[in-house]
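The structure under discussion appears below in the form of structure tokens.
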Amino acid sequence: MPVFKHSLPVSCTPEIAFEYVADWNNFKNYMPMFVALKPVSYVQYGPGLSLETTLMLAKMEIITTLDLVEFVKNQRILFKASRGLKSKIGWDFKPLGNQTLIMFSFEYEIPPGLVSRDSQREALEKDMQDQLNQNLGLLKWVLEAQSAGEKRT
């Protein structure tokens, strides 16, 4: 299974970063690969949350159910797919001086039939990595803008 891991320092507190990521309503603000999201559980925040997501992968929409399997306040969030694209999506938050180090990981299995050649698989994995790098850049920008706004008020 390919695994994408990336760490980035963000100029905000771990609490701000955690709460922003923990709110599933924000996913589409920094992860455009999620074209649709809706809860399929009564729980809307924290342990017990399940989301039905539509992911855009290689110009194909894949419906996936993500279950929140780890939730440690201000430290860790981990979703694991129970249906659809086999995947795990996780964020870890660590204080880093006056910043927060966000460690992101995305582990996935390319569905059978999506690619037929190694060159297609490599192109898909590179596209995913580029998308995820862009998504993390967006997350950093949003969190730092939000944190700067709070400091001004």
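Along the sequence shown, the residues carry numbers beginning at 1. Small disclaimer: the values here were computed from a predicted structure and weren't measured.
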Minimum side-chain heavy-atom gap F106-V3 below 4.5 Å: no

Any I16 side-chain heavy atom under 4.5 Å of L143 side chain: yes

Residues which pass ring-ring contact (aromatic ring centres under 6.0 Å, His included) with F18, listed by chain and number, not counting sequence neighbours: F71, F93

Results of ring-ring contact (aromatic ring centres under 6.0 Å, His included) for W91 - residues two or more places apart only: F27, F104

Would you compute the distance between atom [atom1] of [X] and atom [atom2] of [Y] and round it to the nearest 0.5 angstrom?
{"X": "M33", "Y": "Q131", "atom1": "CE", "atom2": "CD", "answer": "6.0 Å"}
{"X": "D92", "Y": "E70", "atom1": "CG", "atom2": "CD", "answer": "8.5 Å"}
{"X": "E52", "Y": "R83", "atom1": "CD", "atom2": "CZ", "answer": "5.0 Å"}
{"X": "E107", "Y": "I89", "atom1": "CD", "atom2": "CD1", "answer": "11.0 Å"}

Would you check if the side chain of [X] reaches a backbone N or O of [Y] as a donor-acceptor pair within less than 3.5 Å?
{"X": "S87", "Y": "Y108", "answer": "no"}
{"X": "K140", "Y": "P9", "answer": "yes"}
{"X": "T53", "Y": "L55", "answer": "no"}

[X]: side chain to side chain contact (heavy atoms under 4.5 Å, CB included) partners, not counting sequence neighbours:
{"X": "P32", "result": "N135, L138"}
{"X": "Q75", "result": "V72"}
{"X": "N29", "result": "Y20, N26"}
{"X": "Q134", "result": "none"}

W141-V10 co-clustered via ILVMFWY side chain contacts under 4.5 Å: yes

Applying salt bridge (charged side-chain N to carboxylate O under 4.0 Å, His left out), can you list everything that pairs with [X], at least two apart in sequence or on another chain?
{"X": "E19", "value": "K73"}
{"X": "K80", "value": "none"}
{"X": "D67", "value": "none"}
{"X": "K88", "value": "none"}

Side chain to side chain donor-acceptor pair (under 3.5 Å) partners of N133, counting only residues at least two apart: none

Non-hydrogen atoms of L78 and L68 that approach each other most closely: O-CD1, 3.4 Å

Nonpolar side-chain network containing L101, other nodes, edges under 4.5 Å: L96, M103

